[in-house]
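Written out below as structure tokens is the structure these notes cover.
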Amino acid sequence: MTPTAVPTRPDDVLTALASGVIRRDRTAEPEPADLAALAVLTGSVDVDTPAGRAGSARQVRALARIDASAAQLVAAHHAARALAGPELAGGGHPATWYAHTAVPGHPAVRGTWRADGLLLSGTAPVTPGGRDRLVVDAVTPADGRPVVAVVDAAAVRSGPAAFGQRWAAPATVDLDGVLVPADRTRPGAADRTWRAYDETLHAALDLGVLDGFLTAARDFLLHHARPWHESGTDTASRDPHAIAVFGHAYAQRQALDRLVAAAIHALAPATGTPPTAAWPTADSTARPDTAAEPGPPRAAVLARWYAHHRIGQIVSAVIGVLGASGTAGRFALDRYWRDFRTHALRQPPYWTLADLDRSGDAGPAEGVDR
């Protein structure tokens with residue numbers, strides 16, 4: 001994409017990105033024009049409202065149908081921007097890119113309060129994407145309270161690109177000795193709303209990858225695939241085994257679609273923004289991070305678990321009946337599997353099904369029939 005061809009409308013961005021997706025699959029770094037186009041998408045939703053968060057999840061799904069690398073950048077930005085909250089983001093320019101360190105499986109950065117602010121220490125993984133502002137998930141060891149801090153222009157070190165999601169290379173940041181002014185910090189949230197939002201974004205991304213793959217695979221089946229020589233049919237689309245595999249794939253996609261829709265719906269029923277914990281006072285008797293914690297959000301847990309464990313098998317089964325020719329450069333059906341697998345390895349689910357059992361939740365997900 002050239003700088004002069006950067007779209008100005010979100011719908012036009014998706015169309016423009018679709019034209020060069022196979023070329024970008026071989027590119028480890030996005031061009032400035034690509035980031036400018038994605039900024040049109042990130043600037044079109046307000047993640048400080050429940051409705052905006054639901055809209056951003058649908059946006060990530062639509063983008064992942066075309067390019068999972070670009071969708072990963074946008075999802076990471078939305079999650080980091082939501083973690084910062086309106087009090088730390090302060091609006092900002094739409095082209096300001098956010099990343100965060102709240103990656104599952106890694107301890108929070110340590111923070112020590114001083115008279116002049118919060119002194120950070122530790123090394124942390126960083127989500128992919130632009131890093132104009134880094135939202136740090138920290139904890140103060142003295143009392144165990146979570147703190148969110150925003151660091152401008154952090155020195156992030158990017159690792160090598162993987163075989164999938166080429167734009168979303170792993171990265172780390174060394175925060176030893178970084179001092180954050182007090183007005184660039186806020187207490188960590190007392191509820192799990194943000195984590196549910198982050199997990200829903202990842203589930204929407206996975207579902208978008210499956211959407212895009214099944215569309216491309218069906219086109220290949222109808223116009224390019226050859227029938228199995230013992231199938232007794234003259235076209236691959238009439239092969240009984242291919243019909244059965246595709247039917248099973250679409251049925252599982254429908255189930256995942258309903259789970260993700262329920263998770264997205266759960267982001268937007270409340271009015272206003274999620275509550276933010278207040279700093280404790282001298283006479284406080286309860287810590288904001290331990291008071292009345294609810295169980296994990298069922299819809300988000302189920303959607304993420306199902307996507308994480310099933311999509312790779314669905315894609316592998318479909319490619320198995322299409323044949324190796326579907327992975328040729330002009331079709332590149334294997335890129336969907338590579339993108340999904342990379343995402344699954346680097347961004348595992350935060351909650352497990354056992355977390356639902358421990359919370360005593362045994363009912364169906366909201367908005368999903370048995």
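Quick note: numbers below take in every heavy atom, side chains included, and nothing from hydrogens, waters or symmetry partners.
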Next on the checklist: Looking only at the side chains, is there a donor atom on one of Tyr197 and Ser56 sitting less than 3.5 Å from an acceptor on the other?
Outcome noted: yes

Checklist entry - Looking at residues at least two apart in the chain, or sitting in another chain, which of them share a side-chain contact (heavy atoms from CB on, under 4.5 Å) with Ala217? => result Phe213, Phe246, Val318, Leu322

Next on the checklist: With salt bridge (Lys or Arg N to Asp or Glu O under 4.0 Å) as the criterion, how do Arg9 and Asp11 come out once you've worked through the C-alpha distance, each side chain's angles and the decisive distance to 0.1 Å?
Outcome noted: CA-CA 6 Å; Arg9 299 191 312 162; Asp11 290 344; 5.7 Å; no

Checklist entry - How close do Trp194 and Ala102 get, heavy atom to heavy atom, and via which atoms? => result CH2-CB, 3.7 Å

Next on the checklist: In terms of relative ring orientation, are Phe331 and His224 parallel, tilted or perpendicular, with 30° and 60° separating the classes?
Outcome noted: tilted

Checklist entry - Tyr250 and Ile314: same hydrophobic cluster, using ILVMFWY side-chain contacts below 4.5 Å? => result yes

Item to check | Arg341 atom CZ: more than 12 heavy-atom contacts under 6.0 Å | outcome: no

Next on the checklist: Whether the side chain of Thr352 engages the backbone of Ala354 through a donor-acceptor N/O pair (distance < 3.5 Å, no angle test) should be reported.
Outcome noted: yes

Next on the checklist: With a 4.5 Å cut-off on side-chain heavy-atom distances among I, L, V, M, F, W and Y, is there a chain of contacts connecting Leu259 to Leu353?
Outcome noted: yes

Item to check | Pairwise side-chain contact, Val148 with Leu88, heavy-atom cut-off 4.5 Å (strictly under) | outcome: yes

Side-chain polar contacts of residues 161-169 - donor-acceptor pairs under 3.5 angstrom, sequence neighbours left out - could you list them?
from   : atom 1 : to     : atom 2 : distance (Å)
Gln165 : NE2    : Ala68  : O      : 3.3
Gln165 : NE2    : Gln72  : OE1    : 3.4
Arg166 : NH1    : Ala162 : O      : 3.0
Trp167 : NE1    : Thr27  : O      : 3.4

Item to check | Under 3.5 Å: donor-acceptor pair, side chain of Thr140, backbone of Gly111 | outcome: no

Item to check | Remaining members of hydrophobic cluster (4.5 Å side-chain criterion), Ile22 | outcome: Val21

Checklist entry - Should the heavy atoms of other residues, nucleotides or ligands under 6.0 Å from CZ of Arg157 be counted, would the total exceed 12? => result yes

Checklist entry - Which atoms form the tightest heavy-atom contact between Ala171 and Ser158, and what is the distance? => result CB-CA, 4.0 Å

Item to check | Min side-chain heavy-atom separation Leu302-Leu356 under 4.5 Å | outcome: yes

Checklist entry - Under the ring pair (Phe, Tyr, Trp, His ring centres under 6.0 Å) rule, what pairs show up with a residue in residues 305-326, not counting sequence neighbours? => result Trp305-His309

Next on the checklist: When you measure from the side chain of Thr342 to the backbone of Asp339, do you find a donor-acceptor pair of N or O atoms at a distance under 3.5 Å?
Outcome noted: no

Next on the checklist: Any non-hydrogen side-chain atom of Leu63 less than 4.5 Å from a side-chain atom of Leu14?
Outcome noted: yes

Next on the checklist: Atom CZ of residue position Arg218 - does it have more than 12 heavy atoms of other residues, nucleotides or ligands inside 6.0 Å?
Outcome noted: no

Next on the checklist: Quick check on the hydrophobic clustering: are Leu179 and Leu175 connected, directly or via other members, by side-chain heavy-atom contacts under 4.5 Å?
Outcome noted: no

Item to check | Side-chain donor/acceptor of Thr127 to backbone N/O of His100, under 3.5 Å | outcome: yes

Checklist entry - Do Arg61 side-chain atoms and Leu205 backbone N/O form a donor-acceptor pair below 3.5 Å? => result no

Item to check | Note, Trp113 side chain near Asp143 side chain (heavy atom, < 4.5 Å) | outcome: no

Next on the checklist: How long is the straight-line distance from CG of Leu333 back to CZ of Arg338, given to the nearest 0.5 Å?
Outcome noted: 10.5 Å

Item to check | Counterpart residues, salt bridge (charged side-chain N to carboxylate O under 4.0 Å, His left out), relative to Asp67 (two or more places apart) | outcome: Arg24

Item to check | Check: Arg253 side chain, Leu210 main-chain N or O, donor-acceptor pair, under 3.5 Å | outcome: no

Checklist entry - Can you list the residues that meet the side chain to side chain donor-acceptor pair (under 3.5 Å) rule with His78, with sequence neighbours excluded? => result Gln59

Item to check | Aromatic plane relationship, His77 with Trp97 - under 30° parallel, 30 to 60° tilted, over 60° perpendicular | outcome: perpendicular

Checklist entry - Is the shortest heavy-atom distance from the side chain of Val151 to the side chain of Arg184 under 4.5 Å? => result no

Next on the checklist: Can you confirm whether Pro104 sits close enough to Arg195 that some side-chain heavy atom of one is under 4.5 Å from a side-chain heavy atom of the other?
Outcome noted: yes

Next on the checklist: Do Leu73 and Thr42 have side chains that approach each other closer than 4.5 Å (heavy atoms only, starting at C-beta)?
Outcome noted: no

Next on the checklist: Can a donor-acceptor pair be found, under 3.5 Å and without considering hydrogens, that links the side chain of Asp176 to the backbone of Gly122?
Outcome noted: yes

